[in-house]
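Throughout, a chain's letter reflects where its sequence line sits, starting with A, and its residues are numbered from 1.
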Protein chains: 2
Amino acid sequence: MSGVRAQQKQKTRQALIQAAFNQLSADHSFSNLSLREVAREAGIAPTSFYRHFKDMDELGLTMVDEAGLTLRQLMRQARRRIANDGGSVINTSVVTFMEFIDNSSNQFRLLLRERSGTSKAFRAAVAREVKHFILELAHYLESETKCNAMHAYIQAESMVTLVFNAGAEALDIEGLQRDELIERVIWQLRYITRGAGHYVRETSKEA
Amino acid sequence: MSGVRAQQKQKTRQALIQAAFNQLSADHSFSNLSLREVAREAGIAPTSFYRHFKDMDELGLTMVDEAGLTLRQLMRQARRRIANDGGSVINTSVVTFMEFIDNSSNQFRLLLRERSGTSKAFRAAVAREVKHFILELAHYLESETKCNAMHAYIQAESMVTLVFNAGAEALDIEGLQRDELIERVIWQLRYITRGAGHYVRETSKEA
DNA sequence: TATTTTAGCTTACAGTTGTACGCTGAGATT
DNA sequence: AATCTCAGCGTACAACTGTAAGCTAAAATA
């Protein structure tokens, strides 16, 4: 196993994935990609594509998985920063997420677009990745605050929604406008934290 | 003016727009549309398309305007309901929005997708429509509560983001799951209201 | 009434797409 | 050493795309 042969196959498979990611941009979405162009950039004949993926959709789903992985790694990194540098949870998280958008903008774009895209399988795949993200945050909130599971989940869901959305807007702007955007999203997260906190307290009073 | 000629032209122009909207669906986005297919459904020759629009993008931008109009009409209707039926603001708004998603799902889909789509002009157009929506809500919040302008805007922005997002998710689900989704988004809006209220009070104390 | 304007048509073309089919040669297996 | 496997290639094709060019007939204008 893992002979020269299989190794080379993995290599061109990665070349295909990389080529596809490279061709994503502000004005080129996954559905705009053509099998032929991807194969061309990867340096293989169009028909050789099929040795690696059944069709473009299979490639795309692989890419979604990869982007989701990056996203989860990112979140762990954020938590590490919070634990070590001792910065504010909200601030650190938002800053880390914005770094993701700048450093891996094509991965983020893929998630962003395919979340409401044309293929049910894609939408489901992105939803799954986002849900992972939400659940990890919900667990964190549940352990760090005196939040019950339901409120923790809803709170996490809104936070992820708001940050994700701000990320989408951030893609198109720079400088001052961007700083203002970040400030706004931080306020939004504060609202959520306060508001959820209120209802949690009320709920525990009732209990 | 408004002779038989101009009248007929408007009619086929509308036929083109309608044909394009008809061809949108869960698995057919605007960028998947072809000029030829739209023309075919509208009942004209492909090349006659150019008598009405410079290219597909011009058609698309017109469609975005139309969808934005529908959206604003919807919001006014929601406010009327709130004033007359006297129901809860949050509940009525969410229910109204969900009706929009069911009754005009293709218009909603257009806004949803092109918001993060491939064309900067489209993204800007959708952002403009959404901003209208946010501003109207912000003014409402500012007048109905003791909220200052900044908090009103940020609050409105988060509410629209959360509802819009829930709408996107609602497109793919039905029944119980959907009811749960609606319940969650209502909680999220409550968080925002409470949280914003808290900071507003704090600000006015400081002042 | 004579002239101009124009929405819609037909024909035509060059470009791109996905993919079926069959071959080859280098690694893997026996 | 003989055989098998299979990643990658080249050719080929049918389906579709956007759009250029020029015609026609009916409405508008003068």
Side-chain angles (χ1 to χ4, degrees), chain A residues 1-25 27-63 113-114 117-122, chain B residues 1-25 27-63 113-114 117-122:
Chain A
M1 273 303 160
S2 101
V4 177
R5 193 105 177 224
Q7 219 167 321
Q8 176 57 27
K9 182 164 185 182
Q10 275 305 309
K11 211 170 155 188
T12 57
R13 185 190 153 96
Q14 280 304 316
L16 282 168
I17 295 174
Q18 194 50 54
F21 268 122
N22 283 345
Q23 292 185 9
L24 295 182
S25 73
D27 32 43
H28 226 76
S29 77
F30 179 78
S31 63
N32 295 141
L33 299 188
S34 91
L35 184 154
R36 291 178 99 104
E37 275 188 16
V38 171
R40 197 175 305 140
E41 177 159 339
I44 62 171
T47 47
S48 301
F49 179 93
Y50 298 104
R51 302 292 182 192
H52 301 272
F53 301 99
K54 197 190 115 212
D55 51 24
M56 282 295 281
D57 277 13
E58 202 172 287
L59 205 207
L61 290 174
T62 307
M63 291 166 76
R113 287 174 174 154
E114 298 312 321
T118 255
S119 147
K120 191 153 192 168
F122 274 63
Chain B
M1 270 307 154
S2 102
V4 178
R5 193 107 176 219
Q7 218 168 319
Q8 175 56 29
K9 183 165 184 182
Q10 276 304 310
K11 211 170 154 189
T12 58
R13 186 190 151 96
Q14 280 305 315
L16 282 168
I17 295 173
Q18 194 50 53
F21 268 122
N22 283 345
Q23 291 184 10
L24 294 183
S25 72
D27 33 43
H28 226 77
S29 77
F30 178 78
S31 63
N32 295 140
L33 300 189
S34 92
L35 184 153
R36 290 179 100 106
E37 275 188 17
V38 171
R40 197 175 306 139
E41 177 159 340
I44 63 171
T47 48
S48 300
F49 178 94
Y50 298 105
R51 302 291 183 195
H52 302 272
F53 301 100
K54 199 190 112 210
D55 51 23
M56 283 293 283
D57 278 14
E58 203 173 283
L59 206 208
L61 290 173
T62 307
M63 292 166 75
R113 287 174 173 153
E114 298 312 321
T118 255
S119 146
K120 191 153 192 165
F122 274 63

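Whole-Å rounding puts the B:K11 NZ to C:dG8 C1' distance at 15 Å. Whole-Å rounding puts the B:K54 NZ to D:dG18 C1' distance at 14 Å. Between the C1' atom of C:dC21 and the CZ atom of A:F49 lies a distance of 19 Å, rounded to the nearest Å. Between the OH atom of B:Y50 and the C1' atom of C:dT6 there is a distance of 18 Å, rounded to whole Å. Taking atom CE on A:M56 and atom P on C:dT16, their separation rounds to 17 Å, with Å as the unit. Rounded to whole Å, atom C1' of C:dG18 lies 13 Å from atom CZ of A:R40. As rounded to whole Å, 10 Å separates atom C1' of C:dT17 from atom CD of A:E37. Spacing between atom CZ of A:F53 and atom P of C:dT19 amounts to 15 Å, rounded to whole angstrom units.
Under the rule for a side-chain hydrogen bond (donor to acceptor under 3.5 Å, both in side chains), A:E58 has no partner lying at least two apart in sequence or in another chain. Listed by chain and number, the residues in a side-chain hydrogen bond (donor to acceptor under 3.5 Å, both in side chains) with B:D57 amount to none (sequence neighbours excluded). Residues that satisfy the ring-ring contact (aromatic ring centres under 6.0 Å, His included) test with B:F53, not counting sequence neighbours, are B:F49.
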N/O donor to acceptor pairs below 3.5 angstrom from side-chain atoms of residues 31-38 of chain B, sequence neighbours left out:
from  : atom 1 : to     : atom 2 : distance (Å)
B:S31 : OG     : B:S29  : OG     : 3.2
B:N32 : OD1    : A:T118 : OG1    : 3.2
B:N32 : OD1    : B:S29  : N      : 3.0
B:N32 : OD1    : B:S29  : OG     : 3.3
B:S34 : OG     : B:R36  : N      : 3.4
B:S34 : OG     : B:E37  : N      : 3.0

Could you run through nucleotides 7-14 of chain D and give me one letter per nucleotide, 5' to 3': B if any protein heavy atom sits under 4.0 Å from the base, S if only the sugar-phosphate is that close, - if neither? BBBB-B--

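In terms of position along DNA chain D, the nucleotide closest to B:D55 lies nearer the 5' end than the nucleotide closest to the other residue of the pair B:D55 and B:V4.
The main-chain N or O of B:G117 is found under 3.5 Å from a side-chain atom of A:R113 such that the two form a donor-acceptor pair.
Pairs passing the side chain to side chain donor-acceptor pair (under 3.5 Å) check and including a residue from residues 5-15 of chain B, sequence neighbours excluded, read B:T12-B:H52.
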